[in-house]
Structures are given as C-alpha cells and as structure tokens.
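Since the model is a prediction, treat every value here as computed from it, not as a measurement. FYI, side chains are in, hydrogens and waters are out, and symmetry mates aren't considered; it's all heavy atoms of this structure. A, B, ... follow the sequence lines: proteins, then strands. Residue 1 opens every chain.
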Amino acid sequence: MSIPGTVGGVRGTARRRSPLALLRGDQRWPIALATSVLLALLMLPPLWILVQDSVTTTDAIGNVTGLTLAHFRKLVTDKDTLISVWNTLVFAAGSTVLSLVVGGLLAWLVERTNAPLKLLAYLATIISMGTPYILHVIAWLFLLGKVGPLNEGWRALTGAGGNLFEVNTMAGMILIEGLLWSPLVFLLLGATFRAANADMEEAARMSGATVFDTLRRISLPLAMPAILALALFVFIRAIGGFEVPALVGMPGRVFVLSTDVYEATIVVPPDLGYAAAFSVIMVVIVAVLLYFYSRLSKNAERYHSVTGKGYRPRPFDLGGWRWVAGAIIVVNFCVVLLLPLVTLLWMSLLPFLRGFSLAALPNLTLRNYRAVLQAGGYLDLALNSLTIAAGAATAIMLIALLAGWIAARRGPAGRILDQLATLSLVFPGICLGVAVMEVYLRVPLPIYGSLWIIAIAYVIRYMPYGMRYVYSGVLQLHHELEEAASVSGAGALTTLRRVVAPLLTPALVAGWLFIFLIANKELAIAVLLASPGSQVIAVAIFDAWTNGQGGELAAFGLMWTALMTVIACVFFAQMRRGAADVYGA
Amino acid sequence: MLRVSGLTKIYANRYDSQTGGVREMSFDLPPGTFFTLLGPSGCGKTTTLRCIAGLERPDAGTIAVGDRVLFDGARGIAVPMHRRGIGMVFQSYAIWPHMTVFENIAFPLRVAKDRRHSRQEMAAMVEEALTTVGLSGYGERPATRLSGGQQQRVALARALVHRPQLLLLDEPLSNLDAALREDMRAELRRLQQQIGITTIYVTHDQSEALAMSDLIAVMDRGRVVQLDDPQAIYFRPATEFVASFIGAANLLAGTCLATVEPGGVGEFRLSGGAIIPCRFPAGSTAGAAISASVRPESIEIGPEGAMSTAIPGTLHGTVRAASFLGGNIRYDVQAGDQELRVTGAATGMLLPGTPVRLTFPPDAVVPVATPRD
Amino acid sequence: MLRVSGLTKIYANRYDSQTGGVREMSFDLPPGTFFTLLGPSGCGKTTTLRCIAGLERPDAGTIAVGDRVLFDGARGIAVPMHRRGIGMVFQSYAIWPHMTVFENIAFPLRVAKDRRHSRQEMAAMVEEALTTVGLSGYGERPATRLSGGQQQRVALARALVHRPQLLLLDEPLSNLDAALREDMRAELRRLQQQIGITTIYVTHDQSEALAMSDLIAVMDRGRVVQLDDPQAIYFRPATEFVASFIGAANLLAGTCLATVEPGGVGEFRLSGGAIIPCRFPAGSTAGAAISASVRPESIEIGPEGAMSTAIPGTLHGTVRAASFLGGNIRYDVQAGDQELRVTGAATGMLLPGTPVRLTFPPDAVVPVATPRD
Amino acid sequence: DVDPALVEAAKKEGEVTWYSTLIVNQILRPLVDAFNTKYPGIKVNYSRATNSDVALKIVNEARARRLQADVFDGTNSIYPLLEAGLVAEYRPAAAANYPADLKDAKGMWTAMNAFFLTTSYNTNQVKAEDAPKTYDDLLDPKWKGKIAWVNDPTPQGPPGFIHNILTAMGEEKGMAWLKKFAAQEPVFIPASQRVVLDKVIAGEYPLAVMTMNHHVAISAKQGAPVAWIKMQPLSESINLIGIVKQAPHPNAARLLTEFVLSDEGQKVLADNDYVPVSPAVPAKVTDLKPDAGHFTVNLVTPDMARDDLPKWTALYHELFR
Ligand SMILES: Nc1ncnc2c1ncn2[C@@H]1O[C@H](COP(=O)(O)OP(=O)(O)OP(=O)(O)O)[C@@H](O)[C@H]1O
Ligand SMILES: Nc1ncnc2c1ncn2[C@@H]1O[C@H](COP(=O)(O)OP(=O)(O)OP(=O)(O)O)[C@@H](O)[C@H]1O
Ligand SMILES: [Mg+2]
Ligand SMILES: [Mg+2]
C-alpha cells in the first residue's frame, strides 16, 4: 500500500507561483522570515570574516590595520599555486570518478539485480560510515605503503627491490580518497535506483534488450541527473578534503589547495591572510560548481519522484552473471572494509608499527588497549563528542525542516533559504574552523571556549545535508496532503507540525543519523575549536596521530568504530524503512 | 449563494508555449446547487477550484459566499484559505497516511480556531460524518488500510465534518474502478441532496456531469463556453466544441435553403447534396452557412429498403464498423463524404458492409455556433 | 496460436492477509484474436500478462506461442523475456524521457540480437510504425513533449515495430480523458484488425471490453469465471458476479414454478409474489431456487396504466431516482422489496415518485449460477 | 621551598588554565596529576594544540578581551605572543640554578624540557658499521631518496637543521653542503618527529634526520629495530613555559610554573621518558643528555629562532621545495 500522496510529486513541482503573489496573503512568510534571518546569522559571518582576512593586513594582535591585495599577489605570483590548483582538480576529479564507479556499480547490483551476498555490501557501507576518515587513510597508507603487504608481497614474489605501487603519489591519493567516498555514493545512488520506475527497464527488456543493453541505454541515462549531482557533490567535498592530501600527498610532494591552506596555518605566526586568500580561491571554485550542483540536484529530485501505481521493486535476473556480481561484492567488501580493519587490528596489537610478518607475532600485545582504557578522559571526550554531534544534528534537522519545506514548496523566500542553507558547502573544513573561531570570539556570548562553538560549527558545516534530506523528502509528498490541511482550517505552523513533519519522519531521522555520523568522522574543525572546556574525540585522535601513537590510535579507533557502527545500523534500518514508506515499496 | 465574477488566473506556462489558467469566469449559484465544471484536461477546472478554495491567488475578479467576500482583486481582499470554511475533496483524496480514519476526520475540528470542541462533541461529530458516508465503525482503521472507494468517502467525511457552506470536489471519482465509480456517483449525489450543501464538482467525464448536476459549465481553454442544465447542454449544445465534447455528436455542415422565422423548421443541403430538415430556434436566412449537431442515438438507422417512418431527410450509407456496447450498438456509418456515429438497438447487429438508411427527426438536428477563432 | 494452460502464480501478500496472483488460467487463442482480460482491480490481470511476457516466473503451467513453448513449469523451460518476441504496452506507457520519439521506437531494432538493421531499413520501419499509429512526422519530438494520447501511440508503435506475433496491452487507456479514450478505443481496434496481430488486452472497464474484444475472460480473485464472446458475456452471464460486474444487471431471486425442459420458457415466483417468465437454456425443476439477471435496458418501463405489450410478468413500482445519461435515462425503481435499475428513452423523463410498470421479455431474463462459496 | 603566600593566593583563585603543545597522555596529564596531588585545591584545565594554534588562540582571545589562558608552553608558540606583548614577566625561583641560556634574561620564559635532534636508522636495514657517522656521510648516493624528515617549519624541523649546519660548518661551506643534501631528495613527512621515527622503525625509510633521541630510546627499549647516531653537533631545542599577561589566574599560573620547573616536576618529565632541563635531574636513560652522553649540541635559543627562523624557513623553501 503506497501513500496516496507519493503518486506524482511531479505535479507538485510543476505548480509554481510568482514570489510576489506569495508574500501577500501567504501565512508562511513569518516562518520564512525567521528562518532566513537565523540562517543568515549562522552562514554569512564566517564567509565575511574569510573574505576580510584575505584582503586585510593585521597587527601582531590581529587587529585589522589596512586593506591589501598582497595575499592574493603572493598567491598568483607563486608558481606553485597553479600546480596546487591543477593537482586539486585532478585529485578531486579522479577520486570522484573512482568512487562513482565503485559505489555506483555496487548500488546498482544491490538494488536492481538479484546478485547474491548483498548483505556484505550493506555491512561494508554501514561500518565504514562509522569509521573516522583518518583511520581509513592510515590503514590504507600502511597497506599500500613501502612495507605494506602489497609491496612486501610483490618483492617476496618477484625478488625485485623497489615498490610495485608508490602510495605517496596522485594515483595513491585518488585511490584512497575514491574508496573513502564510495560507501556514501553507494548509499545515495542506492536510493535513486530504488526509486527508479521499473516499467522503464521492463519496457526495454520486452523490446528485446539484454540486461546490459538496458543498463547502458535506459537505467544509466535515466539516473544520470542524480549521478551528475552526486558527482559534483563528491567533487566538491574532495576539493575541501584534507586527510588524504596531507597524509598521502605531502610526503610525495603532491600539494593541493587544502594542504597549502594547512601549511599556511601551521607556520608561526599563522599566516591567516594567506590561508584566507587560498580559501577564497577554493570558495570561488566550489561556488561555481555549486551553482551547477543546485540545478542538477533539482532535476535529480524530479526524476526521483517518478514512482506511483503498481510500483514494485523488480530486480533484474542476472542469470549466470549472478556469481560475477557476487564476486564483485565480495571484493569490494574486502577492499573497503576487511583489509583496513585487519590492518587497524594489526597496528593496535603491536607496540610499534611494522609490516605483517610472523616475526612480529611474539610482540603482539594488548598494551595499546590497556593504555586507552586506563588513560582517563577518553570517556568524557566520547561523551562530549556524542552530545555535540547529537545536538548539532537535532538543530540542523529542525532548521532544515522549516527551510527545506518552504524551499521545496516554492514558498516565500524559498530560493534564498535554499541558497543560505547550502552556502557552507563552499567552506573547506579548516577555513571554516578559523572563520568560526574568529566570529565567535567577537560575539559577546559565552560561546567561545565552550562546547557550543563546536556544535555551531557543525551546524554550519552540515546544514546542507539536512537541507537535502528534507528537500527531497518534501518533494516525495503530494502537495495536496498539505493543502488538505489548510483547507481544513489549519494555519501554516499547524500544517507543518501535524501533517508535514510526521510524514517526513523517515527523512528527518535518516538525515539526523547521517549528520551525527559524519560529524564524528572529521577532525579539522574540532581540533581547532577545542579548548579546555570542550575537548572531543577528534582531538584525542589528532593527538595520537601527530604523536605517532599509531597503535593506541588504532586501538581506540576500533573501539570508537564499534560504537559508531551500532548507531550506523540504526541509521541504515531507518533509511530502508524510510525508503519503504516513501516509495511504498 | 456562491457568487464568482470576472475570476481570472493566468499562468505563463514554462513547459509549453500556450499559457494556461482561467479567464473571466463568472457564475452565481443558488443554495444547494450541484454545479459541475466540465471540460477537457488542462482547460482550467482545477485552477478555478483552487482559486475558490484560496489555494491559488487569482489575478482579478471577486469571490463571495453569501454576503461574505472571500476575494476581491480590486479591493485587495483575500481571506486566507484556512479561514474560508470550505470543504474540499482532492483528486488524490490526500488522506493522511499517518493518522487513523478518526484522526483524519477529526482534524478540521482540532484545528478550528473559532471554537474549541469538547472530546465527546468531537467524537459525536466524527461519528456522524462517518455514518453519513456509510463508514461508521471504521474510525480506528489506519488510513492506509482503505480501498480506493473507502478513502474517497473518508476524504468526503473530512470535508463535511465541520459543516462548510460550500463543498469542492476535484475529479473525486477519476481513480476508481468503473463499477465502483457507478455506485459512488449515485451515493455522492444522494448525499449532496440529503445535506443540501452547495457543491462544485470538477470532472472531464461527460456522463458523470450529465448524471449528477443541476447546472453544468462546459469549459474550453480557460473559458466557460456554455452554462446550462444537463438536458440543454446535451440536446442544445451552444457551440461545435460543446456538441462534440459531450457525447460525441455528429456535425453536419451545409447551406440553408429558405429563410426560416425563429422557432420554425427549415431545411438545409449538405455538401453531399442531401436535404436535412432542422428546427431553427433563432431562425435563419436563405443561403446562410449552417452547422448542426445530431446525437448518435437520435438518428434512426435501418437496413436499406426496410420501412422507415416517412419523415423527409434521409441519408444512405454503409456500416464501416459496429461495436457492441452492451446496452446498445455503436455504428460508424459512411454516408457520402460524411462519417456519422449512430447508436442502434442492441438486438440484431448490422454487420460492417451492410448498406443502411439514416433518418433525422427535425427536432434532433440542432444548429450550433461555429467557433469564431 | 497462443496456448496457456494451468497457469498459476501465487503471491503470499505481505501487506494484507489475502494472497494475490492467478490460479489455473487456461485459454487457447486463434490467430488474430483480440482477447480481453476483464475484472476488478486486484483480480490478477496484470499478473497474467506479466507471466506471459516473462516478467514474472509462473509457479506452474505452460505457455506456448504457435508451437514454440515459452514456459513449461514441468519441463523447466523458461524463455527469457527479451527472447520471447512479444510486444507490450505498459499502463504507464514507459516512454523513455531521455530519447526522441524516433529513438524510443527504434530501440527494439537497435537491440535486436537476431539481425542487424541498416540505418535506412531502421528509418523505414520506424516511419512505417509511426504512420500506422498516425504520428508520422513526430519522429524528432523529444518524448517528454507528448500528450497522453500521443504517448500511448508511441508506446504502441514501439511495441509493434519489430513485428511481434503477440501484443500485450495493460490498461492502455486508463489514464486518458473520457473523450480521448473513446477515440483511442476505436483506433486501437482498427489497428489490431488491420495488422491482424493476436492481442491480449487488460482492462477493468466493461464497456471497453465489450466494445473491442473478440473474446473476453472475466476474472475474479485470480480465476477466470467466464470465457466467452461479448454478447454472451453481456446477455448470458454465467454467474452473479459476472452479471453484476458487467453493466450493473438486476438480479432476481425466486423459485421455479414448474419443471422446464432445456431451452424451454418457464416461470418463477419472486419473494414479492410476482411471476416472471424466463427461458432456461439448461432447463429447471419445480421448486428449484432460481437466480436470474436482467439488463436495465431489457426492462420495458412505462407510467402505470399506460398500454404495455401484453407479455405476462410485470412488476409495479415507483421511480426513486432518475439520472440523465444523455443518450438515455437511468431510473432506480423500487418494486416491492426489489430495487431495480432500468434504462429508459432519453425523451420524456419520468420524475421520482411516479408509479411505473415494469415488463420483462422472457428472453431478457437469464438464469445465473449462484456463487458456491 | 615555594612561597606559601603564592600557594595561598593560588588556592584562592582555585583554578588555572594551561594551553600546551605537549602530548596529553604521555606527559601533560602526568604533570597535571602530580600538581593536583600536591595542590588538591587548584583545578588545572588544559588543552593541547599545535604551536601555531596555541599562539592563534591566545592572540584571538586577547583581541576579544576574553583571555582564558594562564600558562602556555611550546617551542615557538611564544614569538607571536611576545610580539603582541601578551607574555607576563616572571622569574621562577625553581629555575634559579638553570643555565643562563635556558631562561630569558627579561624573564619572559623558562625552558621546561629539551629535545635533542639527531639522525636515526633502522637496525634491521642498516648495519651499525654502514650507518652514517658524520653529516658528510649523509651525502652518500646510496641514501638518495631514503632519508626522511619532518616538514615541521620550526627549530625542530628543517629550519633548525639548516641553522645547525650553517652554524656548525659556517655560511658558505654549510650552503654548499645543504645544496648537496637537497640533491639527496630527503622525504617530507607531514606530522611530527615521532611519526617520522615510526616510519623508520616500520622500515619505510632506513634513515631519518631531525628525530628526537629520547623517542629512539623509548622505542628501542620496547625492542624496536632503531638506534640514534651521535652525529655531532646535535641540534638542541627547548620547550618553553611562560605566563600570559593579564592572565585570569596569575598566582595559580606562577605556582604551576614553579612546580613544573621544580626538581619534583622535572622528575615527572624524566619518569615519562622526556628530557628534563634541570641540571639536578638526570634523564631516565642517562646518556640522552649531552654531559652524561658525551656529545656536543648546538642550541637554538628562542632569540635566535625569533630573529632567524624566517631566514631559515625561506632557505628551506628555496632549497627543498
Ligand atoms: N502552477 C502552474 N504553472 C503553470 N501552468 C499551470 C499551473 N497549473 C496549471 N497550469 C496550466 O493551466 C491549465 C489549467 O490547469 P488545470 O489543472 O486547471 O487543468 P484541469 O482542467 O484541472 O486539467 P485536468 O483535468 O487534467 O486536471 C493547464 O494548461 C495547465 O498546464
Ligand atoms: N509482486 C507482488 N507481491 C505481492 N503481491 C502482489 C504482487 N503483484 C501482485 N500482487 C497481488 O496480486 C493480486 C493481483 O495483482 P494484479 O496487479 O495482477 O491485479 P490487477 O488485476 O492488475 O489489478 P489492477 O487492475 O489494479 O492493475 C493483487 O492482490 C496484488 O496485491
Ligand atoms: Mg485538474
Ligand atoms: Mg494491473
């Protein structure tokens, strides 16, 4: 039984009214106004600070002393800048393609075919959703590293010296970043494929097309808007990405914009102007991409809501190829999940890092685990992290509910709301961290130095995700469901509270958990904003990393991952249920 | 009771060149009228309804229920939708899947601003609404566990529970089974008469419109082309469009033979040469170009040579196709260059190829206006 | 030409208790037949179609086109859908929005494994298909720029372009306007006859089925309850279900007065006491409980006291409701405890309350089987 | 030995905030715990960050007049603070017997622990006799691309290395050597000296320069295949502790500083494998200190660093990037 409302969300999007007409006599505008103001207060100041820093000089104590273009001049005159820009683009593009191919193929196999062992694919996704990026990266560095099993094995086999694969290269960066993103791609494209109208594919089959023909000529083209939107999204995130370029790229002297920013912030005194100038460049690049993203993702959603009567998930029968598909899934499972985890386990059991070897077996020890458990403080840090992430996620989903609803319904100020909410996508993590710190130091509220500032930074950073979840969620609801409420005499708020919100629950919960998870994955912001009052897990991880406590980091990371995985499971169950409810599958 | 005048709402349509919406709608309904907006898809029926409900803001015109002005473009009055006290049933029913049937129906009472309803009072009113639509006892069902017909009734109950003065229905039957549609049609009509509520009904199904309405407005491309009672609409279509949209009438084109005074019977010659008698309510002049409509079932059909009542004006043709409609048989007859639809008795089907003779009773042939554009 | 026997496909339905699917379908179609699966929503029409198309795998049974076995549960044969060479039109048309009309129609030729088609050849075949459905010249249109009717034709052209032996249509008309539906109906039928392709047509609209089909299978809850030609289905329904599902027949229950030999006319008494004559094709015995169906339009209705042909078997009642259907008028008549639907001529409507007399021609009264369960 | 009045004042303030660059689990927390056991009444809030972040935070706080920090430490976090005039003058009694170059003449800072940076190698991959003994040995072609070092732009990183070479060999000889060394294409590891060492232990690189000898000692004790070379002169840099001007808790800050610099505090450092600066306190592994270990060092004093770090950094970028 499918929700009557889900049929023909298309019509809903088709109805558009002139914004002027709306502002008069539309009772949603107070909400719209309040929300836009709130969003503006959150989103605009950091951007302002960033721009200001990039064009001003400051004295020792950081007060603005004058305008200058020096930072930019220094940038453009520096030949390395061009290289960095180029590397950034190559890196982002490469990893995007890789993640799309891996994640997309997997999503299709799992959602639209009768491939076996689907569970493994989900498992890989769920767990890596809960694993901090840096753990992945470290594990991969080790696996592909000079003494990693790959190269060691190759040397052992061929007896040759040297390495089969140099990890500290662009190739290595792309490989690792790509694999890092593939689970997310799997998740999002999975939803698209699930929502796709099976009739389209069956029509192709009835026309005599083989599974492959159908995939190539029908399924992919139809999913293309969604795929492109997702591609752009990953691309943008890869541009801002820090862990991989820093850990993998820099040793190989492959520099990208984000690492340049990083280097500018670690010199003493930190050259914020220069960093800001870099950031502004990234912001510009990303902003341009974002423009296309917003347009694409609209199409994507339009395709999404094509479900309706007789929608039933009807997987392809791959026939003999089933087992090939199964093999692919298994390989992915090993590559994306098993190997890294085993590596981490290995690292966590060694007193000091060394390659896989029987020789090492005697010194296996639980010391690292003991260290983690004994070292006090980890518990409080964990609690802090969870509280912040939960708080941020909640705030985001609340704001996004208002903003997303009005935006998706072309309500008053809909466009503005949409843009405001998506704005922070342009910030690379580090830049955002700096900007937020400077902003809230100037705010006469006890925010700086408390957990609040980190929470706020998260809210700013992850607002776009919440927005997406709500936005597409609303588009799945037939507009008449709301109009029925209004005609029944319900005001805008009542309608929102009693009809829209309940119907969006799946989307809201899914979004909440998603944000909660990724908020706990990233370092840059927390490390910068953490102060005595507000230590979080990220800081501990950062400590362990910079201090080379690989073992302790691995041990702790594994425990943390275990916890996150539990939560991720809930998230996943939600996603499925959400999909089921919304698509009436 | 409901007065709409000069209602205009124009959409500059992004998707295809032609602009949609409605233009210059005006009508005035006495209380208790069952009023139907009838027209092809995209002609502006829903738009009209949404303007009255307040879901769209008209560009111009006035809407008033009784002496309460709901909208007046000129004076800038626009009562927000949730204050108009109108009941509406949507094409998709828009039953809220997260509530029980009871909750769905009680909703308008819960959110009512004007007065609080006590728990018992509410229960009573909902139960009453449920009984009216013949669903008493279904209150606790989750709304997702209802058949199409039941959903439709719940939507109706929800629209009626807070006793609106005006009821709006947008193609409420269009996504039901043929069989179910039949029943619901009768039931709806019965209900409306029983409650005596003024109702505006949107449909593109002419038989529905004819069967249920007191008054029908036939719409074409955003304008009302004929506003009349069912019989008039059916037997005295004002324009070719109405004639052909309602019950697939045959259109005969020809020239008037002699001047006829208003109300008199005259004759006109088809291009094929045959002479057809016809009553001219408005009279006609010799040589005037005539376009007239004839209903398939008003034409008498018989095998060539068989006796047929001695009225002048007959055409000779051959059956091209015959399709069995149960109650009767639909023939496509080729008579000269004219192709005619004729309905005959279900008994004794004339097979394709049979030569037949068609007879036109004068009162069945109705002159219609040819479209200006 | 198409032989289906013992076709069974059962769904253990997750959502509501009762299980869906089809049971023990068997039929055998001569070439060129226009065969219709008719039944209420959820009775298994689509399932049957999907099994034949190969989109679902039946639990048991055999399906063969000519002497080519497509499926045989026992022998474990199951030709994959894309090798069955069957044309299918989906209820949603499933026109691919990212292609032009031409691309849509050319697709089956492009992906054809058996033989490559040269560019010209392809163009020619597509153009031919387009002309067949009356869309020549539309080739370059993007598929998204089509009206419902046009989409439907494109879907048809796409199904026909690779000259399948069998054509499957799943409620192709259900999401079109009433008016448009009329036309497409005739056109589809014409096309099918012109090409002479064996066709299976799914609908829940009885008038559609009656008008178009050579052969109709009425389905109920996954089983075929009557397989017959339209007239037979309409005038000689096998069961109460068929009678009431097809054109809302009246059902009369009573007891046989005297034994009747097969084919003879006998009489039976209604609970009300009135005597109704009726022809018993299979004969009947005195005192047997009879259930018979009468078509609304077979009943003669006239105002009380007016002359009516002197056939025995009349009922007296009063008009409860009269609704104008254009071509004719539908009366609900209360006769004793019986409520009857009667269709009368469009001229001179009998107003509610009028006492009327109903007359039943013996051949119009048809005994029907009462459901076992 | 500590002035009871100070203790009283500190107790009144009740808490103190320390912005540190030290590793929390390894040394910061042990120090704090020791302090707390001695002065239970005084709560120590601490947060750990890089030198640049510590400086950045304090500067920003000062600008916003929302100072939270009382005490800070770091090898070079102090320069921007000095420049911004954010450091309070204080001459700890505990440091009275420290050598002159381990405390500021103006009393702005005092060294709290020392780092001795030198070359280490993986004992599995390089036999002791093959290991380079002198800086010139590093130029041996066989080490091309095999030498790792940190990319930390501080005296503990390449700049410090460059300073060491230039002062040890003299300007032009040094420059010539550095050019040759650049030709060896040493590999930069972002992160810390510790991470670089781990990569040597893991065998990714046989050799690394500018690693800290106490790190080597710790790992070697755990059986890691690594050893450090007395490639003289070693580069010494010191971790400084200072007090923020207008600190919210000045007395507690002083008390904390006193404690860290006292033999008691220095002992805690030593016990946790760090190298204490107090002449009175030996390192846990005694030969880590120049006198006990008989090696020469080349100390980068904060003043040198402040004046010349930009120059070294520029050289570093010019030669090695
Ligand atoms: N929000 C809108 N933006 C642009 N055009 C619109 C909008 N809503 C309706 N239209 C156009 O206005 C015309 C009338 O639309 P409307 O929905 O009233 O038609 P309708 O009579 O209800 O058709 P149907 O019987 O298919 O519901 C159509 O051409 C439609 O394309
Ligand atoms: N994939 C499925 N899983 C479970 N139940 C199904 C499935 N497909 C069909 N059914 C059930 O089988 C029965 C027949 O379905 P089918 O679609 O054939 O009905 P139908 O006659 O086509 O109805 P409609 O006229 O609404 O299309 C229905 O009760 C339906 O709920
Ligand atoms: Mg409409
Ligand atoms: Mg169906």
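- Chosen from C:Leu168, C:Leu109, C:Ile86, the residue pairing most often with chain A at heavy-atom distances under 4.5 Å is C:Ile86.
- For the atom pair CE (C:Met99) and CD1 (A:Ile218), the distance works out to 3.5 Å, reported to the nearest 0.5 Å.
- Listed here is the closest heavy atom pair of A:Ser207 and C:Trp96: OG-CH2, 4.0 Å.
- Contact of A:Thr214 with chain C is not made at all, since no heavy-atom distance falls under 4.5 Å.
- Results of the side chain to side chain contact (heavy atoms under 4.5 Å, CB included) test with C:Val111 over A:Arg216, A:Arg217, A:Arg205 single out A:Arg217 as the only residue that passes.
- With a 4.5 Å cut-off on non-hydrogen atoms, C:Ala53 touches chain A through its backbone and its side chain both.
- Looking at residues two or more places apart in sequence or on another chain, you find a side chain to side chain donor-acceptor pair (under 3.5 Å) between C:Arg163 and C:Glu128.
- Across all non-hydrogen atoms, the minimal contact from C:Ile95 to A:Met200 is O-CE, 3.2 Å.
- Expressed to the nearest 0.5 Å, how far CZ of C:Arg110 lies from CG of A:Asp213 amounts to 11.5 Å.
- C:Met88 has its side chain out of reach of A:Glu202: every pair of non-hydrogen atoms, C-beta onward, lies at least 4.5 Å apart.
- Note: A:Met206 CE to C:His162 NE2 = 7.5 Å, rounded to the nearest 0.5 Å.
- Residue C:Tyr138 qualifies as open at atom OH: its count of foreign heavy atoms under 6.0 Å is 12 or below.
- Residues C:His82 and A:Ala209 come closest through the heavy atom pair CB-O, 3.3 Å.
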